[in-house]
Amino acid sequence: MSPFLSPKGAKVMKQPNKILIMGVTASGKSALAFELAKTLNAEIISVDSMKVYKRMDIGTAKAPLEKRSVIPYHLVDVVEPSEAFSVDQFLALTEKAVTDIHGRGKPVVAVGGTAMYIKALLHGLFQGPGSDETIRQTLKNRASEVGLVKLHEELTQIDPAAAERIHPNDEKRIIRALEVFELTGKPISAFQTQWDAAPNSDWFVIGLRRDKQIENSRMNARVKRMIEDGLKEEVENLLAEDKPLSKQAAAAIGYAEMIAHLNGDMELDETVERIKINTRRFAKSQRTWFKTFPNVHWIDIKETDTVQTVLQQTLDLLDSVR
RNA sequence: GGGUCGGUGCCCGAGUGGCUAAAGGGGAUGGGCUGUAAACCCAUUGGCGCGAGCCUUCGCUGGUUCGAAUCCAGCCCGGCCCA
């Protein structure tokens, strides 16, 4: 069924060469991506804000080295756990990786569940300044001194449109809006326009979903496995490193809770429970995002499905658009 | 057997005569999200109704009262102490 099995090579050219697989955590997207990449002779780009961190393997459910030696994986293990990482870096690295992979004449299979990265991939990011820690810190200090409401009022003065959109309690967004204004003299709302229209991207988006109960039990099983595989030891090792974990890395699900446990704040049982709960919440917000993405080709995975049958459905989908 | 503290909404927990469908937290659900996003923010959470509102709820049964989750009596269940 796959065009690559077809004797007529011409069809291969019409195959989408940028495929994005998304789904909630533990939905099985990584397994599918691997099989699909093998079948299409593609390379994989991870769309995941935590797999970028080196030595954070178990808790981020990173593909094992064996798989990564079969298929090239991009955007995995690209920064130190002590470093910050954010969407703009993700986008830049991804654009470069796509160019490189296509340069080798291979298709790209992107997989991941970091919704904002997906959004940025499909829509792009506004052309404006990045973050400025000094400004942020100053604004943060001011917020605790004069109150966040005051900052929100200031935002209303300089950028009524943004102030309207941003809730008075939403410190991060208020600060970012003020930061952009300080850096450019222009309101952030003047920049943020590229999400208004439909995405003008050539990604072929495939979404994986299952019955919510089943998704939940898969998450629980995964958390259990992470513990068995030594998540605690992994976190201990990370904490023993010379440089402390960056804010982002330390906030990762599985890590934040385990750090609290190692600090003596929680029993292990409770820690595991917290990880499960936070994983579920994470999935919930992923679903909320996914609902807003247009042009997603959803595959509803049944209990009787296997990686192979899901792969076949994926190939059929790809065929159908040729 | 005696004493004592307690039994509140899915869970924990405050409330100790009317302002109480009942604080707060957790969980769950829905939503938002453009450079920290696995972060962060908002809303809903007894039932019915668009709504004014109606009905049911604070272990059970009965009582006091214009009015009870709140006071009284009996009973059931749990913790602790004494036998």
Side-chain angles (χ1 to χ4, degrees), chain A residues 24-26 46-53 56 58-62 79 81-94 112-133 135-137 139-140 143 148 152 161-177 179-180 183-184 187-197 199 212-213 216 219 222-223 226 231 245-259 270 273-293:
Chain A
V24 299
T25 183
S46 164
V47 185
D48 188 301
S49 64
M50 295 300 164
K51 290 183 188 183
V52 295
Y53 287 110
M56 290 174 63
I58 298 171
T60 64
K62 228 176 255 178
V79 287
S82 57
E83 293 179 277
F85 189 82
S86 61
V87 228
D88 57 325
Q89 294 172 69
F90 162 77
L91 248 200
L93 291 170
T94 296
T114 301
M116 179 151 86
Y117 288 10
I118 296 173
K119 185 88 177 184
L121 199 57
L122 300 179
H123 290 259
L125 237 37
F126 73 88
Q127 300 294 307
S131 64
D132 183 313
E133 278 313 314
I135 293 177
R136 283 188 185 188
Q137 199 47 55
L139 287 167
K140 229 180 152 181
L148 192 56
H152 191 259
E164 174 73 22
R165 259 192 17 246
I166 301 171
H167 188 99
N169 288 350
D170 199 341
E171 184 176 48
K172 298 207 174 179
R173 291 189 177 79
I174 293 171
I175 287 180
R176 159 102 270 233
E179 172 189 55
V180 169
L183 289 168
T184 65
I188 192 170
S189 59
F191 290 100
Q192 299 177 318
T193 54
Q194 50 283 96
W195 287 18
D196 299 341
K212 195 193 280 180
Q213 297 297 318
N216 283 166
M219 289 174 215
R222 167 178 280 187
V223 171
M226 285 175 176
L231 179 62
L245 292 181
S246 67
K247 257 186 183 169
Q248 291 96 304
I253 296 169
Y255 295 85
E257 300 85 350
M258 197 53 86
I259 289 168
E270 192 190 345
E273 203 47 45
R274 286 312 314 177
I275 295 174
K276 287 179 181 173
I277 289 168
N278 288 331
T279 302
R280 254 181 271 136
R281 283 150 88 97
F282 173 42
K284 194 166 126 41
S285 92
Q286 289 178 307
R287 288 188 202 104
T288 302
W289 268 106
F290 295 166
K291 283 177 202 163
T292 70
F293 293 157

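Note on naming: letters A, B, ... go to the chains in the order of the sequence lines (proteins, then strands), and numbering restarts at 1 for each one.
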Is there a side-chain contact (heavy atoms from CB on, under 4.5 Å) between A/Phe90 and A/Thr114? Walk through the geometry before answering. CA-CA 11 Å; A/Phe90 162 77; A/Thr114 301; over 6 Å; no
Show the numbers, then the answer: is there a side-chain contact (heavy atoms from CB on, under 4.5 Å) between A/Tyr53 and A/Leu245? CA-CA 10 Å; A/Tyr53 287 110; A/Leu245 292 181; over 6 Å; no
Checking A/Lys51 against A/Met56 for the side-chain contact (heavy atoms from CB on, under 4.5 Å) test, could you report, in this order, the C-alpha distance in whole Å, the side-chain angles of both residues, the deciding distance, and whether it holds? CA-CA 7 Å; A/Lys51 290 183 188 183; A/Met56 290 174 63; over 6 Å; no
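Here the P atom of nucleotide B/rU36 and the CD1 atom of A/Ile135 are 13 Å apart, to the nearest Å. Here the C1' atom of nucleotide B/rC40 and the NZ atom of A/Lys140 are 11 Å apart, to the nearest Å. With rounding to whole Å, A/Glu171 atom CD is found 16 Å from B/rC42 atom C1'. The CE-C1' distance, from A/Met258 to B/rA38, rounds to 15 Å in whole Å. Rounded to whole Å, the distance from CG on A/Asn278 to C1' on B/rC40 is 14 Å. Whole-Å rounding puts the A/Arg274 CZ to B/rG25 C1' distance at 11 Å. Between A/Phe85 atom CZ and B/rA37 atom P the separation is 9 Å, expressed in whole Å. Taking atom OH of residue A/Tyr117 and atom P of nucleotide B/rA37, one finds them 4 Å apart after rounding to whole Å.
Among B/rA38, B/rU36, B/rG26, the nucleotide with an atom closest to any side-chain atom of A/Gln248 is B/rU36.
When the C1' atom is compared between B/rA69 and B/rG17, the two are found 10 Å apart, to the nearest whole Å. Atom C1' of B/rG30 sits at a distance of 40 Å from the matching atom of B/rG79, rounded to the whole Å. Across B/rC58 and B/rU16, the matching C1' atoms stand 12 Å from one another, rounded to whole Å. Using atom C1' as the reference point in both B/rA22 and B/rG13, the two lie 12 Å apart (nearest Å). Spacing between B/rC71 and B/rC54 at atom C1', rounded to whole Å, works out to 29 Å. Only the P atoms considered, B/rC19 is 29 Å distant from B/rG74, to the nearest whole Å. Comparing the C1' positions of B/rC40 and B/rC33 gives a spacing of 9 Å, expressed to the nearest Å. Rounded to the nearest Å, the gap between the P atom of B/rU65 and that of B/rU70 is 16 Å.
Using a 4.0 Å heavy-atom distance criterion, A/Ala251 is classed as a sugar-phosphate-only contact. Residue-level contact check: A/Thr60 touches the bases, meaning some heavy atom is under 4.0 Å from a base atom. Using a 4.0 Å heavy-atom criterion, one finds that A/Tyr255 contacts no nucleic acid atom at all.
The salt bridge (charged side-chain N to carboxylate O under 4.0 Å, His left out) test applied to A/Arg173 returns A/Asp170, not counting sequence neighbours. Residues passing the salt bridge (charged side-chain N to carboxylate O under 4.0 Å, His left out) test with A/Arg165: none are found, sequence neighbours excluded. With sequence neighbours excluded, the residues satisfying salt bridge (charged side-chain N to carboxylate O under 4.0 Å, His left out) with A/Lys62 are A/Asp57, A/Asp77. For A/Gln89, the side chain to side chain contact (heavy atoms under 4.5 Å, CB included) partners two or more places apart in sequence, or in a different chain, are A/Phe85, A/Ser86. For A/Glu179, the salt bridge (charged side-chain N to carboxylate O under 4.0 Å, His left out) partners at least two apart in sequence or on another chain are A/Arg136, A/Arg176.
Between A/Thr114 and B/rA38, a side-chain N or O to OP1/OP2 separation shorter than 4.0 Å is present.
The distance from atom CD1 of A/Ile166 to atom CD1 of A/Ile175, rounded to the nearest 0.5 Å, is 11.0 Å.
Listed by first residue number, the stems of RNA chain B with at least three Watson-Crick or G-U pairs below 3.5 Å are B:1-7 with B:76-82, B:10-12 with B:24-26, B:27-32 with B:40-45, B:46-48 with B:53-55, B:59-63 with B:71-75.
Listed by first and then second residue, the side chain to side chain donor-acceptor pair (under 3.5 Å) pairs involving residues 276-286 of chain A are A/Glu257-A/Asn278 (not counting sequence neighbours).
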Base versus backbone protein contacts along nucleotides 28-35 of chain B [heavy-atom cut-off under 4.0 Å; B, S, -]: SBBSBBBB
Show the atom names and distances, to 0.1 Å, of all donor-acceptor pairs under 3.5 Å that link a side chain in residues 116-133 of chain A to residues at least two apart or in another chain.
{"residue": "A/Asp132", "atom": "OD1", "partner": "A/Thr134", "partner atom": "N", "Å": "3.0"}
{"residue": "A/Asp132", "atom": "OD1", "partner": "A/Ile135", "partner atom": "N", "Å": "3.1"}

